[in-house]
Amino acid sequence: MGAALPLGDPVPRDGSLPGAVIDPTAPLSAYVHIPFCRVRCGYCDFNTYTAQELRGARREDYAGTLLREIDLASGVLSAHPRPLSTVFFGGGTPTLLPARDLAVILATLRDRFGLVQDAEVTVEANPDTVTPEVTEELASAGVTRLSIGMQSAVPEVLRTLDRTHRPENVATAVRAARDSGLAVSVDLIYGAPDETLDHWRRSVEAALALETDHISAYALIVEEGTALERRIRRGELATPDDDLQAAMYEHADTAFEDAGYGWYEVSNWAKTPADRSRHNLAYWRGHDWWGFGPGAHSHVGGVRFWNVRHPAAYTQRLAGGESPGAGMEVPDEQARLLERVMLRVRTVDGLPVSDLSPESRRAVAGLVADGLVDGREAVRGNLVLTRAGRLLADAVVRALTA
């Protein structure tokens with residue numbers, strides 16, 4: 001049911017943001033968390049709940065509850081009104097809610113905040129929940145993009161990950177989305193226990209055969225407290241192999257590049273710059289966003305805050321006219337710089353060397369010599385990772401922030 005929330009200062013009951021310095025010209029995004037899943041995947045530590053775990057909250061009431069937080073947020077930000085540049089429905093499985101509920105939520109965001117003319121609106125989806133009727137209703141509501149959780153094309157790998165969809169349903173979902181005029185992305189996971197390089201090649205080939213606009217490929221991380229971590233600890237499954245995961249990444253990057261996809265973030269590739277996820281770019285570029293829903297995190301005007309985790313507590317707070325915020329903090333300059341380095345260094349746009357401290361700048365030459373940073377870009381004053389650097393991005397960040 002997700003990792004524990006961080007500690008922080010109390011959030012005022014009215015949801016106000018003391019310490020926020022809001023730039024009314026800065027882009028603003030909305031993340032909408034839909035915390036429901038039919039089955040909990042063994043590797044997942046997101047804040048999600050099956051029907052048996054809701055205890056005091058009802059899926060049928062969720063959209064109405066979430067609208068109360070939208071009203072609260074629009075009131076808090078009313079002094080500096082800004083239209084939303086992107087909206088992202090994530091989860092969980094957003095498409096477990098009826099499409100009409102998602103449409104009502106989006107319509108309320110549009111009414112309270114407004115949307116820029118070319119706003120990107122993404123909905124994540126499990127392939128088994130996507131039908132032509134669903135995609136038509138989403139498109140009619142103003143959704144522009146569907147992100148489909150493919151994960152693997154190999155049934156035994158899906159079983160290891162506790163995924164319940166059938167591989168063939170991914171193509172059906174992609175076709176339905178395209179027929180409704182939606183842009184399409186698929187998500188892959190590599191490095192599952194007992195997954196071979198041949199398995200991964202099959203998944204990459206299957207993803208490319210779909211000819212989507214965008215592909216994400218994430219290395220499996222074994223999170224503490226998940227069912228997968230417990231199975232590995234008991235010796236039922238093998239620990240993922242770092243060297244094999246690196247070989248899988250290199251294979252995917254080559255295959256995607258050969259097929260005309262360009263990397264723009266360590267785990268993301270797009271056919272054209274216009275096909276990049278603008279919502280995720282908003283995170284990596286440090287823009288403002290308000291996260292709606294239980295456990296959702298937000299970043300507005302330099303203030304970070306997060307909501308209570310359980311849907312029942314979230315519902316109770318809002319029903320009482322109170323902010324669902326569980327805590328907040330204003331990061332200091334050092335923390336903001338560390339975060340900027342961690343996020344920007346992962347993107348193809350890179351990080352201006354001038355953003356680094358003098359001590360950190362001295363580390364750049366060594367990173368270039370080690371083949372982790374592009375030397376020509378560094379001479380131009382921009383720090384961009386090579387493929388080897390992308391594989392060791394965390395080590396690069398440590399070297400730059402030591």
Tell me, do [X] and [Y] make a side-chain contact under 4.5 Å, heavy atoms counted?
X	Y	answer
Ser267	Ser216	no
Glu124	Pro94	yes
Glu250	Leu391	yes
Ile105	Phe292	no
Leu385	Leu392	no
Ile148	Val174	yes
Leu356	Val364	yes
Leu28	Leu77	yes

Decide whether [X] and [Y] meet the rule of one side-chain donor and one side-chain acceptor closer than 3.5 Å.
X	Y	answer
His279	Tyr283	yes
Asp374	Thr386	no
Arg145	Thr122	yes
Asn47	Tyr49	yes
Thr48	Arg40	yes
Asp198	Thr196	no
Ser85	Ser29	no
Thr272	Asp275	yes
Glu136	Ser180	yes

How many angstroms lie between [atom1] in [X] and [atom2] in [Y], if you round to the nearest 0.5 Å?
X	Y	atom1	atom2	value
Thr164	Leu158	OG1	CG	9.0 Å
Leu106	Asp101	CG	CG	12.5 Å
Ser354	Leu383	OG	CG	11.0 Å
Leu67	Asp111	CG	CG	10.5 Å
Trp200	Ser152	CH2	OG	8.0 Å
Asn280	Leu343	CG	CG	11.0 Å

How far apart are the closest heavy atoms of [X] and [Y], and which atoms are they?
X	Y	value
Pro10	Met328	O-SD, 3.5 Å
Gly389	Val396	O-CG2, 4.3 Å
Asp355	Leu337	O-CD1, 3.4 Å
Leu115	Ala119	CB-CB, 3.9 Å
Asp128	His165	OD2-CA, 2.9 Å
Asn382	Gly350	OD1-C, 3.8 Å

For Arg304, the option from Glu339, Glu329, His297 that meets side chain to side chain donor-acceptor pair (under 3.5 Å): Glu339
Would you find a donor on one side and an acceptor on the other, under 3.5 Å apart, between the side chain of [X] and the backbone of [Y]?
X	Y	value
Glu120	Arg278	yes
Arg110	Thr108	no
Thr160	Glu156	yes
Ser298	Gly291	yes
Thr315	Pro311	yes
Thr129	Asn126	yes
Asp241	Leu244	yes

Are the charged groups of [X] and [Y] less than 4.0 angstrom apart, N to O?
X	Y	result
Asp349	Arg344	no
Glu211	Arg178	no
Arg336	Glu333	yes
Asp253	Arg387	yes
Arg346	Glu265	yes
Asp288	Arg82	yes
Glu229	Arg233	yes

Test applied, ring-ring contact (aromatic ring centres under 6.0 Å, His included); reference residue, Trp269; option that passes from Tyr249, Tyr218, Tyr264: Tyr249
Inter- and intrachain pairs under salt bridge (Lys or Arg N to Asp or Glu O under 4.0 Å), touching residues 58-70, at least two apart: Arg58-Asp61
Partners passing side chain to side chain donor-acceptor pair (under 3.5 Å) against His33 (at least two apart in sequence or in another chain):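 Side chain to side chain donor-acceptor pair (under 3.5 Å) list for His33, sorted by chain: Tyr31.
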Cation over ring face, Arg390 and Trp263, 6.0 Å, 45°: yes
Intermediate values then yes/no, side chain to side chain contact (heavy atoms under 4.5 Å, CB included), Ile221 and Asp45: CA-CA 10 Å; Ile221 298 174; Asp45 77 334; over 6 Å; no
Does [X] [atom1] have over 12 foreign heavy atoms under 6.0 Å away?
X	atom1	value
Glu224	CD	no
Glu359	CD	yes
Arg376	CZ	no

Criterion side chain to side chain contact (heavy atoms under 4.5 Å, CB included) on Thr93 and Ile34, from CA distance to verdict: CA-CA 6 Å; Thr93 308; Ile34 311 297; over 6 Å; no
Candidate pair Leu188 and Ile215, rule side chain to side chain contact (heavy atoms under 4.5 Å, CB included), full reasoning: CA-CA 8 Å; Leu188 298 170; Ile215 300 175; 4.2 Å; yes
Stepwise side chain to side chain contact (heavy atoms under 4.5 Å, CB included) check, Val397 with Val345: CA-CA 8 Å; Val397 170; Val345 82; 3.6 Å; yes
Mutual orientation of the aromatic rings belonging to Trp290 and Phe305 [parallel < 30°, tilted 30-60°, perpendicular > 60°]: perpendicular
Ring centers of Tyr261, His214 separated by less than 6.0 Å: no
